[in-house]
Amino acid sequence: MRRGAETIFVCNNCGNEFSKWAGQCSACGEWNTLREIKSQKNLKSKSLKIGPNKNVEAINLSKIKITQESGRWQTGIGELDRVLGAGIVPGSVILFAGEPGIGKSTLLTQLIGKSGGLYVAGEESAEQVALRVDRLKLDPRNFEVLETNAIEEVESFFARTQKVFKIAVVDSIQTITAEISQFTGTGVGNFGSVNQIREVTYRLIQLAKGKKMAVIIVGHVTKEGEIAGPKILEHMVDTVLYFEGDKSGELRILRANKNRFGSTEEVGVFKMGEKGLTEMGSGEIDLITSKVDKIGSAVTVVMEGSRPMMVEIQALVTESFSAMPKRVFLGIDYNRGQLLAAVVQKTMGVPLYKCDVFVSVTGGVRLLDTASDLAVVAAIYSSYKEKPMGSKVYVGEVSLLGEIRRVRQMERRQKEARAMGREVATIYSIRELTKSITN
Ligand code: TYD
Ligand code: MG
């Protein structure tokens, strides 16, 4: 057996390990995410602290008492409960990921304000947390704050305390370190490294299971991968939530990327304001920045889980001076956007091959519902023709041949459009769309 540390390269994005460095991770395709790590794998057998139990027995399932599901509790934040799938399961571990500044600490502070719990503050001082609690007009008595950057301190706190917590928020995983690995008995590597994050997460999971307490781990998503991304711990936790939105706007969307205790279909919608995040029900979500009919704008209703949401799509089509005209899609899948631009060129006779095309969706929403195809096509066409599309709502999936297909839950979309004072356009072919704009 070789002795000493071995050098491996770990992708900050997906956590895969490689023996050689490469500019691009061959597992997930991200660039510049591989980091050199001194692995202590080979030291394992020498210094293992907790050895395997040699007398481990198999358990007959009938002897297992199912307590977890029945203990599920509601947080009182309806939008969060829905995304989680009817509340929080005791002992579960949730990764709460999002860009810095999106509102993670705000929402989780509001959560503890409602249900009571422990706030493990790695980024802020207790005073800073208190300031936010005060600003959000929450009851400070609901908060126990543990200022720390060491998982050992969190563990020793739980070993000593008599208090019982339903929930602990760890803000954030990138600021909590482990000095010594429980597995190898040696150092765990640099602050914020992949190994650190894995080790701390593993130990938080042990705490959650042992105390039957839900643990919410905050993870900052950084595109540059300067600190290890939370992606590497997605497979370790029960639920992965992503908090998204356009930071310059008010709207925030909560999605489940993985959910051991519910579906990943539902989204939660919030509005960031002076007093923190408020929940938005259907019929309240107005992502349309202006009511006037603009050139290059088309409105659609997308379904986010079981909820209809009216969004505006904006397109800008300009003459291109490049041999490779630009195609920029914000909030729309790149391939889907390319496909729709090709349909516009072919079936509407628009020479997009010599145009730059930019398409974006308001409010930082990501379009996952193909029902918005028709609105994308309409917005591109409207910009090219320099004529507004009118106030109608465009709903329909567009096929490669330029056919318009009916989409699911049309009635709910129609109802939502009416609630917002609009009508869904009755358009069954691209030709009808072309006509509707020239008249
Ligand atoms: P925060 O929850 O600290 O973000 P994260 O933890 O994801 O990094 O929120 C940061 C932003 O939210 C900050 O720019 C201030 C703003 N904010 C409000 O607009 N209203 C509020 O009531 C609070 C507490 C924050
Ligand atoms: Mg924060």
Side-chain angles (χ1 to χ4, degrees), residues 75-77 79-80 83-84 93-115 117-140 142-149 154 167-177 191-192 197 200-201 204 215-231 233-234 237 239-257 267-280 284-285 287 363-366:
T75 66
I77 301 177
E79 294 294 291
L80 177 62
V83 175
L84 287 170
V93 178
I94 299 162
L95 169 63
F96 196 89
E99 280 176 40
I102 201 73
K104 299 183 294 299
S105 303
T106 307
L107 186 62
L108 296 175
T109 304
Q110 288 179 256
L111 167 62
I112 293 192
K114 280 202 183 260
S115 63
L118 179 73
Y119 201 96
V120 178
E123 272 176 23
E124 299 161 302
S125 64
E127 195 184 337
Q128 282 170 308
V129 177
L131 265 172
R132 185 163 58 244
V133 169
D134 185 57
R135 177 177 173 181
L136 296 169
K137 305 256 179 302
L138 301 171
D139 187 348
N142 282 346
F143 291 80
E144 296 291 322
V145 178
L146 188 65
E147 268 181 57
T148 182
N149 293 109
V154 179
I167 191 161
V169 166
V170 178
D171 193 359
S172 64
I173 186 71
Q174 279 103 343
T175 57
I176 308 289
T177 61
F191 192 77
I197 286 184
V200 173
T201 303
L204 288 171
V215 172
I216 303 189
I217 301 174
V218 173
H220 293 295
V221 181
T222 49
K223 287 208 175 75
E224 290 71 31
E226 184 51 40
I227 17 183
K231 273 213 149 51
L233 45 105
E234 283 191 355
V237 298
T239 301
V240 179
L241 302 181
Y242 270 86
F243 206 32
E244 307 174 337
D246 177 358
K247 263 185 272 177
S248 58
E250 296 175 326
L251 191 90
R252 300 287 183 274
I253 296 180
L254 187 66
R255 287 177 205 279
N257 244 27
V267 302
V269 186
F270 296 89
K271 190 173 166 179
M272 177 64 101
E274 272 297 294
K275 292 197 184 66
L277 290 149
T278 43
E279 300 177 53
M280 293 188 79
E284 288 177 73
I285 309 160
L287 297 177
V365 175
R366 274 192 295 139

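We count ligands from 1, going down the list as the structure has it; atoms in each ligand are counted the same way. Computed from a predicted structure; not experimentally measured.
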Could you check [atom] against the protein and tell me its nearest heavy-atom contact, residue, atom and distance included?
atom: atom 13 (C) of ligand 1; value: G101 O, 4.7 Å
atom: atom 23 (C) of ligand 1; value: R135 CZ, 3.7 Å
atom: atom 2 (O) of ligand 1; value: T106 OG1, 2.5 Å

Step by step, work out the side-chain contact (heavy atoms from CB on, under 4.5 Å) result for L254 and E79. CA-CA 8 Å; L254 187 66; E79 294 294 291; over 6 Å; no

Taking N, O or S atoms only and a limit of 2.8 Å, check whether S105 reaches the Mg ion (ligand 2).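 True for S105.
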
What I want to check is whether the side chains of E123 and T175 have a donor and an acceptor closer together than 3.5 Å.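 No - no donor-acceptor pair under 3.5 Å links their side chains.
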
Distance-only, no hydrogens or angles: does the T148 side chain make a donor-acceptor pair with backbone N or O of V120 under 3.5 Å?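 Not at all, since once roles are kept as given, no pair shorter than 3.5 Å links the two residues.
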
Does atom NZ of K247 have more than 12 heavy-atom neighbours from other groups under 6.0 Å away?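 For K247, atom NZ is crowded (more than 12 foreign heavy atoms under 6.0 Å).
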
Determine, considering heavy atoms only, which of G98, G273, P100 sits nearest to atom 20 (N) of ligand 1.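 Looking at heavy atoms only, G273 sits closest to atom 20 (N) of ligand 1.
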
Atom 6 (O) of ligand 1: which of G276, G103, S105 has the nearest heavy atom?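 Looking at heavy atoms only, S105 sits closest to atom 6 (O) of ligand 1.
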
Taking 4.0 angstrom as the limit and counting only heavy atoms of K275, give me the atoms of ligand 1 inside it, by number and element.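 Those qualifying, in numeric order: 22 (O).
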
Number the atoms of ligand 1 from 1 as they appear, then name those within less than 4.0 Å of a heavy atom of E274, with their elements.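 Reading through ligand 1 atom by atom, the close ones are 20 (N), 21 (C), 22 (O).
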
For K104 and ligand 1, does the shortest N/O to N/O distance drop below 3.5 Å?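 The answer is yes, given that K104 and ligand 1 share an N or O pair closer than 3.5 Å.
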
Applying a 4.0 Å heavy-atom criterion (strictly less than), which segment of [X] is in contact with ligand 1: side chain, backbone, both, or neither?
X: E99; value: backbone
X: L107; value: neither
X: M272; value: side chain

Hey, is atom 15 (C) of ligand 1 under 4.0 Å from any protein heavy atom?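 Given the 4.0 Å cut-off, atom 15 (C) of ligand 1 does not count as touching protein heavy atoms.
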
Exercise check, heavy-atom protein proximity under 4.0 Å to atom 11 (C) of ligand 1: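 At least one protein heavy atom is under 4.0 Å away.
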
Hey, what do you get for CD1 (I167) to CG (L111), rounding to the nearest 0.5 Å?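 It is 4.5 Å, given to the nearest 0.5 Å.
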
Relative to the ring of F270, is the ring of F243 parallel (under 30°), tilted (30 to 60°) or perpendicular (over 60°)?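 F243 and F270: perpendicular rings.
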
Between E244 and I102, is any pair of side-chain heavy atoms under 4.5 Å apart?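 Not touching, per the 4.5 Å side-chain cut-off.
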
Are any non-hydrogen side-chain atoms of L84 and I94 less than 4.5 angstrom apart?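 A side-chain contact under 4.5 Å exists here.
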
Would K114 and T75 satisfy side-chain contact (heavy atoms from CB on, under 4.5 Å), going step by step from the backbone distance to the final call? CA-CA 7 Å; K114 280 202 183 260; T75 66; over 6 Å; no

